[in-house]
Protein chains: 2
Amino acid sequence: MVEPTAGAEMRADARRNRENILAVAREVFDQQGTEASLRDVARRAGVGIGTLYRHFPTRDALLEAVLRNGLENMRAAADEALEASSPREALIAWLQRFSERSGACRGFPASVLNALVDEQSELHASSAAMMEAATRLLARAQEAGEIRKDVDAEELFAAAAAVGWVAEYSGRKRAERILGLLGDGLATTG
Amino acid sequence: MVEPTAGAEMRADARRNRENILAVAREVFDQQGTEASLRDVARRAGVGIGTLYRHFPTRDALLEAVLRNGLENMRAAADEALEASSPREALIAWLQRFSERSGACRGFPASVLNALVDEQSELHASSAAMMEAATRLLARAQEAGEIRKDVDAEELFAAAAAVGWVAEYSGRKRAERILGLLGDGLATTG
DNA sequence: ACCTGAACACCGTTCAAGT
DNA sequence: ACCTGAACACCGTTCAAGT
């Protein structure tokens with residue numbers, strides 16, 4: 001097993017190429033979504049298509065490298081939110097942030113949701129870590145009696161991804177209103 | 001303007017081809033989703049790729065022909081539901097039916113939601129008609145005081161499509177539970 | 001009037017040949 | 001060790017040539 005993020009022992013030109021591809025991919029994915037042409041990425045990075053595949057053997061591998069930071073941030077945000085005063089508000093705010101991030105890159109919600117379910121996906125680890133953090137956030141709100149207990153984290157997560165997906169088609173505004181509906185549905189009833 | 005559904009004045013072989021393409025497309029879209037290969041459809045239908053394009057100049061045109069019946073049925077179902085005893089339950093049941101139908105064909109929710117927003121889409125008319133019917137269903141439930149008044153039909157519709165989308169990734173079961181959350185969020189509050 | 005398939009411009013992915 | 005691009009098998013879409 002080779003650590004793909006390895007750096008120091010990589011040849012200087014290889015290192016440069018890798019970082020160049022990454023920077024370009026970030027831009028292209030943001031503009032065109034997660035299904036953007038890899039050939040296009042290689043071209044813009046001024047690199048042969050084979051080089052791209054050498055560094056990132058699958059689309060998911062490249063996506064993982066591009067999204068890792070963002071997912072890590074979301075995980076950290078969830079951990080921090082554990083200390084907020086209102087468990088319910090903290091959870092809702094986090095969900096909103098997640099669905100906002102989703103709307104910023106077409107295909108992002110699908111990729112993350114997919115990675116969560118598919119343990120083979122290179123995105124699985126990052127996604128799962130983020131969801132674990134979100135799970136704690138949910139549990140706290142449930143224990144505080146502020147969120148109904150018959151929902152699990154995956155469900156909540158899928159809902160947030162769905163809201164992000166809606167933003168791709170109907171715009172962020174509508175997406176936000178739907179998130180509001182969900183938030184009300186999550187409140188403890190009876 | 002030529003009526004694309006025209007029949008009697010079409011040459012017999014053309015008519016046969018058209019119907020064959022349609023039947024095959026229905027199957028292929030159901031199996032592989034709305035992004036399935038058109039070339040594959042033509043191949044399976046035993047027809048040149050040019051013939052497919054002659055009958056259906058765009059993917060949307062083919063999709064429209066395939067989905068028209070289903071959308072029309074959903075529209076009719078919404079109209080019938082207007083006479084159900086419980087306006088709220090009728091609306092929720094319709095939404096569930098819509099999201100179920102969505103889950104049956106990958107890409108269906110995206111196509112319909114897209115068509116709703118894009119007036120140029122060949123799917124626009126069918127989709128819009130369905131949503132108009134759903135709008136009446138919503139309005140009745142709101143007038144009966146059973147659904148909050150600060151939601152509009154497009155919002156509700158987008159939410160239902162999102163639930164259908166979720167089913168593509170996380171399964172129907174989870175999708176149904178999310179629809180339940182939405183249903184509770186839709187209830188009149190305060 | 002209609003059908004066909006070659007043609008064009010793109011993909012994703014692999015791998016022999018080069019440095 | 002790494003890079004390159006040709007090669008292969010696919011697309012979507014158009015259009016000249018055929019019946």
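By convention in this document, chain letters (A, B, ...) are assigned in the order of the sequence lines, proteins followed by strands, and residues within each chain are numbered from 1. The structure presented is a predicted model; accordingly, all values stated were derived computationally and were not measured.
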> Measure from CD on B:E35 to C1' on D:dC11 and round the result to the nearest Å.
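So the two atoms are 12 Å apart, to the nearest Å.
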
> Report the base-pairing partner of D:dT19 (Watson-Crick or G-U wobble, both distances below 3.5 angstrom), or none.
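C:dA1 - that is the nucleotide pairing with D:dT19, both distances being under 3.5 Å.
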
> List the atom of B:A158, the atom of A:R174, and the distance in Å for their closest heavy-atom pair.
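Scanning both residues, the minimum pair turns out to be CB-CD, 4.3 Å.
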
> To the side chain of A:R39, which of C:dT13, D:dT13, D:dC3 is closest?
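Between C:dT13, D:dT13, D:dC3, the one nearest the side chain of A:R39 would be C:dT13.
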
> Could you tell me the separation between the CZ atom of A:R18 and the P atom of D:dA1, rounded to a whole number of Å?
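Nearest whole value for this atom pair: 17 Å.
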
> Between C:dT14 atom C1' and A:L52 atom CG, what is the distance in whole Å?
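A:L52 atom CG is separated from C:dT14 atom C1' by 13 Å.
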
> Give the rounded distance in Å between these two atoms: CG of B:N20 and P of C:dC2.
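Answer to the nearest Å: 17 Å.
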
> Are the side chain of B:R54 and the backbone of B:A14 linked by a donor-acceptor contact shorter than 3.5 Å?
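No; judged by distance alone, with no hydrogens or angles, the pair does not exist.
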
> Atom CZ of B:R43 and atom P of C:dA6: how far apart are they, to the nearest Å?
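After rounding, the gap between these two atoms is 13 Å.
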
> If I take atom CE in residue A:M10 and atom C1' in nucleotide D:dA1, what distance separates them, rounded to the nearest angstrom?
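For the pair A:M10 CE and D:dA1 C1', the rounded distance is 12 Å.
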
> Starting at CZ of A:R11 and ending at P of D:dC2, how long is that distance when rounded to a whole Å?
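That distance rounds to 6 Å.
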
> With a 4.0 Å cut-off on heavy atoms, is B:A36 in touch with a base, just the backbone sugar-phosphate, or nothing at all?
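Result for B:A36 = sugar-phosphate.
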
> Is there a side-chain hydrogen bond (donor to acceptor under 3.5 Å, both in side chains) between B:E64 and B:S126? Walk through the geometry before answering.
CA-CA 8 Å; B:E64 200 277 334; B:S126 307; 3.0 Å; yes

> Hunt down the Watson-Crick or G-U wobble partner of C:dG12, both distances under 3.5 Å, from any strand shown, or write none.
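Per the H-bond distance test, D:dC8.
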
> Relative to the 5' end of DNA chain D, which residue comes earlier, B:P57 or A:V47, by the nucleotide with the nearest heavy atom?
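Checking each residue's closest nucleotide, the 5'-ward one belongs to A:V47.
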
> Give the cluster check for B:L186 versus B:L82: same hydrophobic cluster or not, with ILVMFWY residues linked at side-chain heavy-atom distances below 4.5 Å.
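Yes: a chain of side-chain contacts under 4.5 Å links B:L186 to B:L82.
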
> To the nearest 0.5 Å, how far apart are CD1 in A:I92 and CG in A:L179?
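Those atoms lie 6.5 Å apart.
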
> State whether A:R54 places a side-chain N or O below 4.0 Å from either non-bridging phosphate oxygen (OP1 or OP2) of D:dC2.
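Yes, A:R54 has a side-chain N/O under 4.0 Å of OP1/OP2 on D:dC2.
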
> Check whether any side-chain N or O of A:N17 sits under 4.0 Å from OP1 or OP2 of D:dC3, and answer yes or no.
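Answer yes for this pair, as a side-chain N or O of A:N17 is under 4.0 Å from OP1 or OP2.
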
> Can you identify which nucleotide, out of D:dG12, D:dT4, D:dC2, has its nearest atom closest to the B:Y53 side chain?
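Selected nucleotide (nearest to the side chain): D:dG12.
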
> Select base, sugar-phosphate, or nothing to describe what B:S37 touches, counting heavy atoms under 4.0 Å on all strands.
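Touches sugar-phosphate only.
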
> Nearest to the side chain of A:I49, which nucleotide is it out of D:dA6, D:dC2, D:dT13?
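In terms of side-chain proximity for A:I49, the closest of D:dA6, D:dC2, D:dT13 is D:dA6.
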
> Choosing from D:dC3, C:dT4, C:dC2, which nucleotide comes nearest the side chain of A:H55?
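For the A:H55 side chain, the nearest candidate turns out to be D:dC3.
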
> Which nucleotide in the list D:dG12, C:dC2, D:dA1 gets nearest to the side chain of B:L38?
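Nearest to the side chain of B:L38 among the choices is D:dG12.
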
> Roughly how far apart are A:R44 CZ and A:N20 CG, rounded to 0.5 Å?
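Spacing of CZ (A:R44) from CG (A:N20) equals 12.5 Å.
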
> Quick one: on DNA chain D, does A:D13 or B:R59 contact a more 5' nucleotide (nearest heavy atom)?
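It is A:D13, whose closest nucleotide lies nearer the 5' terminus.
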
> When the distance from CG of B:D40 to P of D:dC11 is rounded to whole Å, what number comes out?
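Checked: the CG to P distance equals 6 Å.
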
